[in-house]
Student: 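Sending over a structure as structure tokens; questions will come in a sec.
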Number of protein chains: 2
Amino acid sequence: MHGNYGCDMRGMLSFQILWLLSRRSMHGEEIAEELEKRRGEKPKPGTLYPALKDMNEKGLITGNKKGKIIVYSLTSNGKKSVKLAREYFIRSFGDILGA
Amino acid sequence: MHGNYGCDMRGMLSFQILWLLSRRSMHGEEIAEELEKRRGEKPKPGTLYPALKDMNEKGLITGNKKGKIIVYSLTSNGKKSVKLAREYFIRSFGDILGA
DNA sequence: GATGTAATATAGGATACCCTATATATTTAT
DNA sequence: ATAAATATATAGGGTATCCTATATTACATC
């Protein structure tokens with residue numbers, strides 16, 4: 001189990017990354033810090049970087065290398081994806097926030 | 001990949017079940033139908049029932065058999081869990097729902 | 001009581017998401 | 001130049017969440 005919530009709260013990392021990148025372009029460490037703010041814990045490199053690699057290979061994000069950092073942005077497919085995925089997310093979980 | 005959202009939207013099934021049961025006690029088929037309303041697709045029996053079994057073994061829910069149906073309710077641990085997990089969920093995803 | 005339907009259950013397989021540990025590349029500090 | 005710190009990357013392992021397919025149990029209908 002992950003965290004001390006009684007139930008498993010893993011999931012939708014790639015969606016959350018897409019969401020963050022839809023607000024502004026970021027490099028890996030910045031993404032990790034944003035996730036830490038929300039989740040309470042910073043994802044380990046072995047969690048984050050394979051996810052970014054996978055999303056890049058799927059054409060959702062694109063990386064722009066500047067020295068040792070790589071700034072990621074959404075591709076047009078990534079933008080379409082985050083729009084659709086957010087609609088699904090709200091349909092699925094919207095009432096949890098409202099109540 | 002699951003659904004046509006570009007990114008994987010699996011996750012937190014047990015949390016969603018806890019949330020549904022915090023509104024009212026239900027049996028498996030009712031839970032499946034509530035999930036279908038939200039997700040657009042009904043989880044297959046091979047998805048739902050192992051999850052319920054697991055949650056029961058973890059002491060989050062308890063089942064009351066009435067003929068061929070089993071009505072599930074939250075245990076006190078389940079109630080604590082859904083409260084904590086909901087706080088985590090809102091911290092993690094609240095801005096997605098709000099924006 | 002035999003047949004069919006509804007509800008639950010189990011077996012087995014795939015993938016995303018998590019981790020720990022280790023490695024590489026670039027920048028910064030000494 | 002050497003060392004330390006930062007950012008990214010890979011290898012390998014565990015679990016939840018999904019699936020398809022099959023089986024069981026209880027109720028309903030004839």
Side-chain angles (χ1 to χ4, degrees), chain A residues 1-18 25-36 38-58 60-72 81 85 88-89 92-93, chain B residues 1-18 25-36 38-58 60-72 81 85 88-89 92-93:
Chain A
M1 189 190 319
H2 276 266
N4 274 329
Y5 307 107
C7 57
D8 194 298
M9 297 301 284
R10 287 182 300 179
M12 299 185 291
L13 173 64
S14 56
F15 169 57
Q16 205 170 7
I17 294 172
L18 281 183
S25 296
M26 282 184 272
H27 65 273
E29 270 302 307
E30 286 177 314
I31 294 170
E33 284 160 17
E34 286 291 333
L35 290 171
E36 185 181 20
R38 289 165 171 75
R39 301 175 168 213
E41 286 178 12
K42 196 169 173 177
K44 301 296 179 288
T47 298
L48 181 60
Y49 290 105
L52 290 172
K53 185 187 181 193
D54 187 59
M55 294 168 72
N56 186 50
E57 284 167 356
K58 284 179 176 156
L60 298 171
I61 63 177
T62 177
N64 195 344
K65 188 159 187 172
K66 302 187 172 174
K68 76 175 162 181
I69 76 172
I70 301 177
V71 177
Y72 287 102
S81 175
Y88 171 84
F89 182 83
S92 279
F93 297 105
Chain B
M1 191 190 318
H2 277 266
N4 274 329
Y5 307 106
C7 57
D8 195 297
M9 295 301 284
R10 287 182 299 179
M12 299 187 290
L13 174 63
S14 56
F15 169 58
Q16 205 169 7
I17 293 171
L18 281 183
S25 297
M26 283 184 272
H27 65 272
E29 271 302 307
E30 287 177 314
I31 294 170
E33 285 159 17
E34 286 292 331
L35 291 172
E36 185 181 20
R38 288 164 171 78
R39 300 176 169 212
E41 286 178 11
K42 197 170 172 176
K44 301 296 180 287
T47 299
L48 181 59
Y49 290 104
L52 290 172
K53 185 187 181 193
D54 187 58
M55 293 168 73
N56 185 51
E57 284 166 357
K58 283 179 178 156
L60 297 171
I61 62 177
T62 177
N64 195 343
K65 188 159 189 173
K66 303 189 172 174
K68 76 176 162 182
I69 75 173
I70 302 176
V71 178
Y72 287 102
S81 176
Y88 171 84
F89 181 83
S92 279
F93 297 105

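All values below come from the heavy atoms of this structure, side chains included, with hydrogens, waters and symmetry mates left out. In what follows, chains carry the letters A, B, and so on, assigned in the order in which the sequence lines appear, proteins first and then strands, with residues in each chain numbered from 1.
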Student: Given atom CD of B:Glu57 and atom P of D:dT15, what is their separation to the nearest angstrom?
Tutor: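 Rounded to the whole Å, the gap is 14 Å.
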Student: Measure from CD on B:Glu29 to P on C:dA6 and round the result to the nearest Å.
Tutor: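 It works out to 9 Å between those atoms.
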Student: Please state how far atom CE in A:Met26 lies from atom P in D:dA7, giving the value in whole angstrom units.
Tutor: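 That distance rounds to 14 Å.
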Student: C:dA9 P sits how many Å from B:Met55 CE, rounded?
Tutor: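 After rounding, the reported distance stands at 14 Å.
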Student: Expressed in angstrom and rounded to an integer, what is the separation of A:Leu48 atom CG from D:dA11 atom P?
Tutor: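 Computing the A:Leu48:CG to D:dA11:P distance gives 17 Å.
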Student: Compile the donor-acceptor pairs under 3.5 Å between side chains in residues 38-45 of chain A and protein atoms, sequence neighbours left out, one pair per line.
Tutor:
{"residue": "A:Arg38", "atom": "NH1", "partner": "A:Glu34", "partner atom": "O", "Å": "3.3"}
{"residue": "A:Arg38", "atom": "NH1", "partner": "A:Glu34", "partner atom": "OE1", "Å": "2.7"}
{"residue": "A:Arg38", "atom": "NH2", "partner": "B:Asp95", "partner atom": "OD2", "Å": "2.9"}
{"residue": "A:Arg39", "atom": "NE", "partner": "A:Gln16", "partner atom": "OE1", "Å": "3.1"}
{"residue": "A:Arg39", "atom": "NH2", "partner": "A:Gln16", "partner atom": "OE1", "Å": "2.8"}
{"residue": "A:Lys42", "atom": "NZ", "partner": "A:Glu29", "partner atom": "OE1", "Å": "3.1"}

Student: Given D:dA9, D:dC27, C:dT8, identify the nucleotide with an atom nearest to the side chain of A:Pro45.
Tutor: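 Closest nucleotide among those given: D:dA9.
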Student: Can you tell me the distance, in whole Å, between the CG atom of A:Leu18 and the C1' atom of C:dA16?
Tutor: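 The distance from CG of A:Leu18 to C1' of C:dA16 comes to 14 Å, rounded to the nearest Å.
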Student: Please identify each residue that fulfils ring pair (Phe, Tyr, Trp, His ring centres under 6.0 Å) with A:Phe15, with sequence neighbours left out.
Tutor: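 Per chain and number, A:Phe15 pairs via ring pair (Phe, Tyr, Trp, His ring centres under 6.0 Å) with A:Phe89.
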Student: Apply side-chain hydrogen bond (donor to acceptor under 3.5 Å, both in side chains) to A:Asn56 and list each qualifying residue two or more places apart in sequence or on a separate chain.
Tutor: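 Listed in chain order: nothing, the list is empty.
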Student: Could you work out which one of C:dT26, C:dA6, D:dT8 sits closest to the side chain of A:Lys65?
Tutor: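 Looking only at heavy atoms from C-beta outward on A:Lys65, the closest nucleotide is C:dT26.
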Student: Of all the nucleotides listed (D:dT8, C:dT8, C:dT5), which has the minimum atom distance to the side chain of B:His27?
Tutor: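 Of the candidates, C:dT8 comes closest.
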Student: For A:Tyr49 and C:dA23, give me the distance from atom OH to atom P, rounded to whole Å.
Tutor: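 It is 18 Å, rounded to the nearest whole Å.
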Student: Could you tell me which residues satisfy side-chain contact (heavy atoms from CB on, under 4.5 Å) with A:Leu52, sequence neighbours excluded, listed by chain and number?
Tutor: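 side-chain contact (heavy atoms from CB on, under 4.5 Å) check on A:Leu52 returns A:Ile17, A:Ile31, A:Leu48, A:Tyr49, A:Ile61, A:Tyr72.
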Student: Nearest to the B:Ile70 side chain among C:dT27, D:dA9, C:dA9, which nucleotide is it?
Tutor: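 Looking only at heavy atoms from C-beta outward on B:Ile70, the closest nucleotide is C:dA9.
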Student: Just jot down the side-chain hydrogen bond (donor to acceptor under 3.5 Å, both in side chains) partners of A:Glu30, sequence neighbours excluded, or say none.
Tutor: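 A:Glu30: side-chain hydrogen bond (donor to acceptor under 3.5 Å, both in side chains) contacts with A:His27.
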Student: With sugar-phosphate meaning primed atoms plus P, OP1 and OP2, does A:Leu52 contact a base, only sugar-phosphate, or nothing at under 4.0 Å between heavy atoms?
Tutor: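 Nothing: the residue A:Leu52, judged by heavy atoms under 4.0 Å, touches no strand.
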Student: Please find the pair of heavy atoms, one from B:Leu60 and one from A:Gly6, that lie closest to each other, and give the distance.
Tutor: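 Looking at all heavy atoms of both residues, the shortest contact is CD1-O, 3.7 Å.
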Student: Please find the pair of heavy atoms, one from B:Ile70 and one from B:Gly63, that lie closest to each other, and give the distance.
Tutor: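 Minimum heavy-atom contact is CG2-CA, 3.7 Å.
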Student: For the side chain of B:Lys58, counting heavy atoms from C-beta on, which of D:dT6, C:dA7, D:dA16 is nearest?
Tutor: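 Per side-chain heavy atoms of B:Lys58, the pick is D:dA16.
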Student: Has B:Lys53 got a side-chain N or O lying under 4.0 Å from the OP1 or OP2 atom of C:dA9?
Tutor: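 Checking B:Lys53 against C:dA9: no side-chain N or O falls below 4.0 Å of OP1 or OP2.
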Student: Please list, for nucleotides 17-19 of chain C, all pairs of protein and nucleotide N/O atoms separated by less than 3.5 Å.
Tutor:
{"residue": "C:dC17", "atom": "OP1", "partner": "A:Leu13", "partner atom": "N", "Å": "3.2"}
{"residue": "C:dC17", "atom": "OP1", "partner": "A:Ser14", "partner atom": "N", "Å": "3.2"}
{"residue": "C:dC17", "atom": "OP1", "partner": "A:Ser14", "partner atom": "OG", "Å": "3.3"}
{"residue": "C:dC17", "atom": "O2", "partner": "A:Arg10", "partner atom": "NH1", "Å": "3.3"}
{"residue": "C:dC18", "atom": "OP1", "partner": "A:Gly11", "partner atom": "N", "Å": "2.8"}
{"residue": "C:dC18", "atom": "OP2", "partner": "A:Arg39", "partner atom": "NH1", "Å": "2.9"}
{"residue": "C:dC19", "atom": "OP2", "partner": "A:Lys44", "partner atom": "N", "Å": "3.3"}
{"residue": "C:dC19", "atom": "OP2", "partner": "A:Thr47", "partner atom": "OG1", "Å": "2.4"}
{"residue": "C:dC19", "atom": "N4", "partner": "A:Gly46", "partner atom": "O", "Å": "2.8"}

